[in-house]
Every structure is written in structure tokens, then in C-alpha cells.
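Quick notes on the structure that follows.
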Amino acid sequence: MSRLLGELNEAQLEAVTTTEGPLLIIAGAGSGKTRVLTRRLAHLLVQRLANPYQVLAVTFTNKAAGEMKERVTRLLGSDIQQMNVSTFHSFCVRVLRRDANRLDYQTNFTIFDQVDSLTLMKNCIKELGFSDTQFPAKGQLRKISDAKSKLVGPEAFATAAGGYFETRTAELYTLYQERLRACCAMDFDDLLFNAVWLLKSDSEVAARYQERLRYIMVDEYQDTNHIQYLLLKHLLGDHDNLCVVGDEDQSIYGWRGADIRNILEFETDYPGARIIKLEQNYRSTGVILEAASSVIGNNEMRKGKKLWTTVEGGDKVKLFLVDSAADEATTIVEQIVACQSETPLTDVVILYRTNAQSRAFEEQLRRESIPYQIIGSVSFYQRKEIKDLLGYLKLIVNPADDISFQRIINYPKRGIGQMTLAQIATLARQAGVPAYEIARQSETHPELSAKTKRIEPFTAIIEKYREQKDTRPVDLLVQDLVTDLKMIDDLLAEDRVLGQARVDNIEAFIEGAAEYARSHGEAHLEEYLSEISLFTNLDDYKDVEDKVSLMTIHSAKGLEFSSVYLAGLEEGLFPLQRTVTEPEQLEEERRLFYVGATRARKNLCLSVASSRHRFGEVASVMSRFVKEVPDHLVEKHDLRKQGYRPTVSHPAHSQVGSQAQIIPAPSGVHYEYEPEELLRVGRVVEHPTFGRGKILGAEGFGESLRLEIMFSGIGVKKIMAKYAKLKIIG
DNA sequence: CTTCGTGCTAATTCT
DNA sequence: TAGCACGAAG
């Protein structure tokens, strides 16, 4: 009992013991949020305020959910099975698996991931004969996704649509939903949309949840969107025991429809809400906290809070200036190796703005034989070989899944191309049945009978496993399927090097299935598929192995590391180019920086490359966020080899020609870093031939800056800053 | 009708 | 840089 309430500060204790009514916990970075949430959940159960099944806790990732369950279990000393700890999405799946038939959906519906949705959308665009440049599939999906996250269905969208483009989008939306339904599938947004729709329109279902769920807790509330907000409203019903935890400074999903107003207006939304602020930071050093706070202080759209820590001081924030992405990787990896004795690899993370940046690091880490794990980039379940295999599994479970059908009908290659596929699709539409059904009876269709010999082996496999799917454990089934498809030989034959990696992936997949089968007793295919379709790329992150982690800053939310390397701090990359003109988006980028920086307990390192290959563009300028960190907190290491040369900035889309055109200065000339700022009198520098020296004087500026430097053992030298390869030491 | 090769264009962040 | 669409060969 006292274990539950012990070791909590005053605010945390209050948050844990305030159980009734709406409660907003403003939890700054590293303020012990997870501890509060788990204790509060345990407290509700220990105090017998609720049975385990009467509490719902919503977390951001499945992994976080699993961890929370584990921690509560440890606190209570007993395993609580019926405890609802899940993500919004997986909670909705559970609701729909039970009652989707009330929406005329089968309860064994398939969940389409982003790639599936994209394929389907492309099909729709083609079907309606729209130009795919005027209507790019991704853009259309964005619009539809936005609509869904506001609970705007196809009819409502069509009614509100004005103008040519919106009307076309409405048509696409309608067709897209029709096709989804025909595939007996839902996309990610549908999970929320349909669950809310169900609760809204079916009072019987709504009542069931409202009566059952007496307490609801939501983590990362700043990143909830409107439909999630509605879901909560519908689940609450007549009581208002809603506890939300969030931090407006860590809201980084605005682009996905996250509505920061949910948290900013919580008090007006839920009258009588208690607000508790957790402002003591237990994670980071004073230096890191001050650096992060200074940057976020530049945001105007915030309530403002003051995080404090008793851990004063700490190492300065290291700033590395390098020439290129490759040098950035070399430098950071060097640094990691140098610190390996104090900081184990598990406690180190390299964070970046875009997944594409992971590559340089991956190469360097591999060269140095440093174990690492990349979270995200191409999520395990998005890899081609896994998706192909999953395509089979999905079609076995759901023969109406035309998208999976389309994916695997010619994998492995069996001479069925676009034409045949189109024929099948046409026949299917005419008959109003799934494509697979046509394929299965291809001999009855004269147009296809010539192809039957090619199609038949395919349908035979599907049929074979359809018979087994409810009786054989999932891992054995997958194992056999891999053998039947001759996947291993195929992949190895295709590519010696890459092939092996793919085979490894398949083996990992089978191992994962086996593990699932072991831990879930009678685990069969359907259940397994449903589970993994909601895996996020974070869910394969393991913090036990001794490996450096690499991930985007978005993925790092909620995690902490002893050492954090924040890479690619350049204007145009972080913040991203298209955000700088929109104050709101720029502020979101700044929050992203804040999230990244506050992941660090002890060491924070920033890096800036003065040139980076981003489709042609070369030169780059230091990110404004770096400049917002107060000088006295920063230890600068200029590792650039060329010294301070002015660089010419090319417009990203200058001449498209085989020859890169050099645009003559001076209009585009700028200094990446003000030499004056770096090379002040009194600074200690290192010269490649003269060694260490102290700057005694300076004259001129810019390119003609000349320095008078006292080198130990050599004497005073006058040097052109432009040519000397000086390194700042102190 | 399929497959393979070339040239073009677009290029975040995640469930 | 990579993924995709289109065109030529098998």
C-alpha cells in the first residue's frame, strides 16, 4: 500500500489520489508521468474503486501499453488479465471485432495499412479515370483521412464539397469506402471512425461501455485528435472520471490532426476539472533542461510552465559542425565509441528528423561493427518479403481482400500480369464478388480459361491453408506456407547479399509467430493477424539489448536515454523547409526539437552538416533552433575541414540539367557561421601544423578575417582565418 | 501478354 | 535518391 504512494512528490501524490471527476495532469518532460499513471491505475484497483475491467487506460503505442500493464502487475503483485490498457486503435479494434456486424461489417474484417490503402486509392483513381498527377493518391488519402478524423463520412463530405477538386475528392472518397467494404477491410482511420459511429448510433453498445468503464485515463493527450476526443466523450456517458495527461510543449502530431485545443481547453470542456502540474524534472541535467527550455520559450502558442530540477549543472551541450552527412555519422559514431565505457550502447540514441537520414549512420555503425537497431525507417512489417507473406495470410483469412489478392496473385511469378488482373477485376465487379472468387473459378470464365493453368496453383495454396487456419497453430502454418511458396530459395537466388537478409526476416517472422502461439495458447491465424496489423514500428524496439538505437524524433516520444545525439540541425531539414513559412508548423518543429532534447538524461549532442545531399541541393545553414540555445550552455566543436568558406546556395529546383550549374555569387553568398562569433579574442584554437594557440587579436571580417594567434612553443602568428583549418577548443 | 530496362518525377513526421 | 510509369523486347 505505502509502496504505491511512496516516493512521490506532492503534486504526483495528488495526481495519483485524485480519482473522481475530470483531471488534467500537465506533465512536463521527465516529470515522472509514467510513474504517476501506473500508480494511479494501481491505486484505483487497490482501493477497490474499480475492478480491472472497469478501467481503461489509453497509451500512445502498444509497447507503452505493455509496459504499463507490466508495471501495474508488479505494483500489485498479481497478474491482472482483464485490465484494459491499449492504444486508441487497438481499443477500437476490440470494440469492432465484437460489434461491427451492427454496421454491416463482418467482425473478421481485415485492417489495411498505409500501403494497402494507397494501392486501393490508386485503383480508385484509375477506375474513375482521373489524372494521377492532378489527383495524387497520397494527397487524396490525406484529405480523406482528415475528413475521417473529424467524423465526416463520404456523404457529409460530398454535401459540403464545393468546386471541381473537392467534388472529385468526394467521388473518390465514396468509391474508396465502397471498395473497402467490398474487401471487408478498414483502414486505420476507419477503426476510429467506425467505433465512434457505432457508439454514437447504437445506444445499446454505447450503454454497455458506459456502464462498464468507470475510469478512463489517457496518456499523451496533447496528441489526440477530434475523433479520439469524441470517442472519449461517448465512452464516458454520464460520469466524468476522465484523467488526461499531457504537455502542450510536446504536441508533435498536428499534421495528423492532433488538436492541441483538446488539452488547452480541457477546463472549459469539462467543467470542474482539477488541474495538476508536474514541473519537477527527474530526468535531465540542469544544462539540458535549460537548453531545451530556452528553445521552447520561443514558441508563442503555449501556456508556459517552468520545469525545474535539483540536478544542477551537468556537461555542456556539445555542438558538432561537420562538412557532410558522412562526416556527421563518423563523428557521432566516434563519440559513441569514445564514451562506451561510461555509457552503454543501450543508453544511446541517434535521433533525426527524417527516416532517410538513418542511412549514413547505419553504414558507419556497420563499418565500425557497433551493434545498432533502427526503429522505423522501413518497419519490419512493411518489408517486401514480409508483406508478400502477409498478403497470403490475409487472403487466407479474408478471401474478399482484393488488395492482398492483387499483391500476391503473381508472387511468386507465375505469368499473371496487368492484363489478366484487369480481366479478373472486371469480371469480379460484374458478378459482384471478390476477385479471388473469380480466380478460383477461372475455368468457368471463357476469358480466363486459357490462364487457368497458371492461376490454379495459386488458388490451390490458398484453399489448402483456408482449411487449416482454424486448427493449426499459426507458426506451423506460416512455416509450411514459406516452404510451399519456395520463398527461401527464391530470395537467395534473386540476390546473394540482400537475399540472406530477407531470409533472416522471414525466419524472424516465423519466430515471432511461434512466440505468439506459445504465449497465447490456441493462437490461430486470425487472431494473430489482427494483433500484428496494429504493431507500430516502435513495437519492435527492445531496450534490453546492448545496441545503439536510431529513430526519428517522433518515435522517441516517451523514451529516455543517457546520451542523445540530435542530428541534421540545418535549416530546411530541421525545421523542414515547408514549415518555416507557417508559424504554427514552425512551432511544431520547435516542439519536436524540445521533445528530442528532453529525451536526454546526461549528454546532449547536436550536429550540423554544412552540406547535405538533398536531391541536388548542397549548402545548408545552421538551424535556428541551435542558435536559440544560449551560448554559455554550448561546447562547440568545429570539425569542418575547409575552414570558413562562403558557400553558394542553389535554389533547390534550379536548372534541371545533367550539368550542375554553379550560380555565380554574390547574391547567393552567405557565411554558414559568423566567423566573428566563433573566433573571438581569448578563444583557444587548434591549428593542424602549429598546434594549440590562443587568439590575441583579430582584424578584418568575413573572408578577410585575419587572426593573431599565440601558439605555445612557437610564438605569435598572423593567420588568414579563411585558409587556416582551425578547430575551436575552448 | 509479361518482363525487363530506362527515364522521369517527387521527396516528412505515424496509427 | 528511389520508386514508379512507360516503352521495347521476349
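Side chains included, hydrogens not; waters and symmetry mates left out as well; all remaining heavy atoms used. Chain identifiers are assigned alphabetically (A, B, ...) following the order of the sequence lines, protein sequences preceding nucleic acid strands; residue numbering begins at 1 within each chain. None of these values were measured; they are calculated from a predicted model.
Mapping Asp189(A) and Ile416(A) onto DNA chain B by nearest heavy atom places Ile416(A) at the nucleotide closer to the 5' end. Taking the nucleotide of DNA chain B with the nearest heavy atom to each of Leu576(A) and Gln423(A), the more 5' of the two is matched to Gln423(A).
For dT12(B), the base has no donor-acceptor partner in the side chain of Arg353(A) [N/O atoms by modelled type, under 3.5 angstrom].
Closest approach to the Arg359(A) side chain among dT13(B), dC1(B), dA2(C) is made by dA2(C) (side chain taken as heavy atoms from C-beta onward). For Arg578(A), counting side-chain heavy atoms from C-beta on, the closest listed nucleotide (dC14(B), dT15(B), dT12(B)) is dT12(B). For Met419(A), the listed nucleotide lying nearest its side chain is dC1(B); candidates were dC14(B), dC1(B), dC4(B).
The two residues Asn398(A) and Cys184(A) have their closest heavy-atom pair at ND2-O, 3.3 Å.
By the 4.5 Å heavy-atom criterion applied to side chains, Ser90(A) and Asn62(A) are counted as neighbours. Within the 4.5 Å cutoff, the side chain of Arg94(A) has heavy atoms near those of the Asn84(A) side chain.
Within 4.0 Å of Ser90(A), counting heavy atoms only, lies no atom of the nucleic acid at all.
Taking side-chain N and O atoms only, Ser555(A) has a distance below 4.0 Å to OP1 or OP2 of dC14(B).
Look at Tyr253(A) and the base of dC14(B); the rings do not stack under the cut-offs of 5.5 Å between centres and 30° between planes.
Between Ile424(A) atom CD1 and dC1(B) atom P there is a gap of 12 Å when expressed in whole angstrom units.
dT12(B) and dA5(C) are spaced 24 Å apart, taking the C1' atom of each and rounding to whole Å.
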